[in-house]
Every structure is written in C-alpha cells, then in structure tokens.
Amino acid sequence: MPELPEVEITRRSFAEALDGATVTGVQLGKPLRWPLGVPIASLVGATLGLATRRAKYLWLPMSGPDGGLLLHLGMSGSLALGEERMLGPHQHFALHTSRGSLVLTDPRRFGAVVWSAGLAVDPARKLLAGLGAEPFDPALTGATLRAAWRKRRTPIKQLLLAGEGVVGAGNIYACEALWRAGIRPSTPGARLSEARCERLRLAVREVLGQALALGGSTLRDFSDAHGVAGAYQTQAAVYDREGQPCPRCAAPIQRVVQAARSTYFCARCQRP
DNA sequence: CTGGTGCCCTGTCTGC
DNA sequence: TGCAGACAGGGCACCA
C-alpha cells in the first residue's frame, strides 16, 4: 500500500502527539514479517522521541531502554492513533502510551515492527543499507542519479521500485513519474542521459510532492493515523488507467508486467 | 555482481 | 451462489 507520501503523511499525523509520551504497554497479534526482537516488558516505561522517516520506514526513537522501533507498513499496513482497546483481527501491533495507542492494522502482514538499539546498528542498519537518496534531498541531482544508474541494465521502472538512486516511488508513483518525465519504463537505467535523469528527478519530486499535498493515494484502505483518506489516486495520469486516453496525447494507456508488477505507460509520449 | 523468480499473507474482484 | 484464479500500494531470499 503505502509509498513514501503515505508513510510520511502517517508520520506527520502522529509524531508530535507521541513525542515525549511514556510507553505503558505493547500488544502483539499474529506474526509480522520479522519478530519484534525484544521482550515486550522491557519497553514499558520507555520515553518516546519524535518519529522520523527514512524511505518507507518509520523510526520511533526511545530512551530507557535506548533504541527504537523500526516500522514498515508493507503492502497493506496503516497506523491509527486512538484509545486503547482490544486488537481487531488484522491488528498485529499496538504501542500503548500515556498519550494514546498507536495500532498497526495490516491484513497481509508484509509489514514489520522491529526493535533496534539505533539506526546505525543492526537490524536497522542492515535494513536501511543500500537505500538511495531521499527524493527531496538537495544533494540529489541528475548527475548523482546518472552515476547510480550508469552501469545498470535493469529497466528504470524496476530501479525506481528498488529504491536505487532515489527512494520513495512505489508502483503508483514510479509509473506516474516516468510518464511525467517522458521515459519508457522499460528503458535500461544505463541508457538515460544526465539530462533525462534530471528530468526524472524533478518528476519524482513533483509526483511525490503533489501526493503529499493531497494526503496520499487511497486505492482501497489507506488513511492517516486519524483515519483521513488521500485523494491523489484521482489525479493519476496512467496508473490503473489501461485503455484510457493519455492526458497529454490521448493515445491509449498501455499495461505491461515488469518483475511481476503492473506497469502503466503511454507508448506515444514515453520514449525508450 | 546481476538480473530474474518465488515467496511472505489475506482480501477482493472477475469470470466460469 | 460457489469456486478457482488473478491481482493488489513492498521487499527479501535465493537461484542461475
């Protein structure tokens, strides 16, 4: 489900409310992708800091014990902040605090909540290693993207999905950014000139920025920690629009499968 | 190293 | 109505 905009919107919707809160309990439902990695009891009494985000991961820092929870929403996860109550059938993690309970709902359980003593040590270090630059990092340029992709024959769509060079664009926003940049999703990364890399960098920023402004995309069930849905999906130019006219040139949008994921593009205005 | 595939798990929708 | 199959916003492990 959640790509970078949805994760960031989720973060913003609860981070300040829980900054400084005391952990009063933790509840687990069915297993998520990995074990929590710490006894629940040891977290009780910890003080929460301000939640941050790296790529599609959220980091909930704590002191006493020092460390934090690294959280990923997977394909179907969402967080809600509310009163403490029984876990529902798809609620597999709850962090009860002095200022409310943060509950992870994740039917498919591809998500994760993992304890790490810090971001620079395992398991967080290993999970975050190799991620590309943040899309809004001023240090990210067409030249740095060109350098990251120049030896990669993998199609650019898959490089974006893997977070190589730049993170944050999942299936929806990778399709949208490539359309905006006029680049065919099947184009090998190495084929992109620095100028096209720069165009794609700007496209990724624009798409993610617009999605952030619209509260993300709600295809089925995404909402922020207060239950507010997103509206970006109504703006999509190509995603899930197979056969419909390209907003730019009116040619029918095509759908292909790359690495087992649907890719939508306009064959007329997106060039190899 | 690299690119490709399979898999984790559940819900929803489509077509027979 | 029932049921099988495809598909879904992500990412890891493993293979050749």
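Protein chains get the first letters and strands the later ones, always in sequence-line order, with residue 1 at the start of each. Note that the structure is a prediction, hence the values are computed from the model and not measured.
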In whole Å, what is the span from the CG atom of Asp240(A) to the P atom of dT14(B)? 11 Å
Expressed in angstrom and rounded to an integer, what is the separation of Leu131(A) atom CG from dG11(C) atom P? 8 Å
Counting only side-chain nitrogens and oxygens, does [X] get under 4.0 Å of the OP1 or OP2 atom of [N]?
X         : N       : value
Lys30(A)  : dC9(B)  : no
Arg109(A) : dC8(B)  : no
His72(A)  : dG10(C) : no
Ser76(A)  : dC9(B)  : no
Arg261(A) : dG9(C)  : yes
Arg108(A) : dC8(B)  : no

Quantified in whole Å, what is the [atom1] atom distance between nucleotide [N] and nucleotide [M]?
N       : M       : atom1 : result
dC9(B)  : dC14(C) : P     : 16 Å
dT5(B)  : dC7(C)  : P     : 15 Å
dG11(C) : dC1(B)  : P     : 22 Å

Do Arg248(A)'s NZ or CZ and the ring of Trp179(A) fall within the cation-pi criteria of under 6.0 Å and 45°? yes
Counting heavy atoms from C-beta on, name the nucleotide in dG10(C), dT10(B), dA8(C) closest to the side chain of Tyr264(A). dA8(C)
Looking only at the side chain of Ile172(A) (C-beta and beyond, no hydrogens), which of the listed nucleotides dG11(B), dG9(C), dC8(B) gets closest? dG9(C)
Map Ala260(A) and Gln158(A) onto DNA chain B by nearest heavy atom, then report which one ends up closer to the 5' terminus. Gln158(A)
ring centroid sep under 5.5 Å plus plane angle under 30, Phe110(A) with dC8(B): yes
Tyr239(A) and Tyr173(A): ring-ring contact (aromatic ring centres under 6.0 Å, His included), yes or no, with the steps? CA-CA 8 Å; Tyr239(A) 184 80; Tyr173(A) 302 126; 8.7 Å; no
OG of Ser217(A) to CZ of Phe222(A), rounded to nearest 0.5 Å, is 9.0 Å
Rounding to 0.5 Å, atoms CG (Leu145(A)) and CZ (Arg201(A)) come to a distance of 8.0 Å
Scan Arg153(A) against the nucleic acid and name what it touches under 4.0 Å (heavy atoms): base, sugar-phosphate only, or nothing. sugar-phosphate
Categorize Tyr239(A) for me: base, sugar-phosphate, or nothing, with a 4.0 angstrom heavy-atom threshold over every strand shown. sugar-phosphate
Using Watson-Crick or G-U wobble geometry with both distances below 3.5 Å, tell me the partner of dG9(C), or none. none
What is the base-pairing partner of dC3(C), counting Watson-Crick and G-U wobble geometry with both distances under 3.5 Å? dG15(B)
Side-chain donor-acceptor distances from residues 14-27 of chain A under 3.5 Å, at least two apart:
| unit_1 | atom_1 | unit_2 | atom_2 | d |
| --- | --- | --- | --- | --- |
| Asp19(A) | OD1 | Leu50(A) | N | 3.3 |
| Thr24(A) | OG1 | His96(A) | O | 3.1 |
| Gln27(A) | OE1 | His96(A) | NE2 | 2.7 |

I want to confirm an ordering. Mapping Lys56(A) and Lys126(A) to their closest nucleotides on DNA chain C, which one lands closer to the 5' end? Lys56(A)
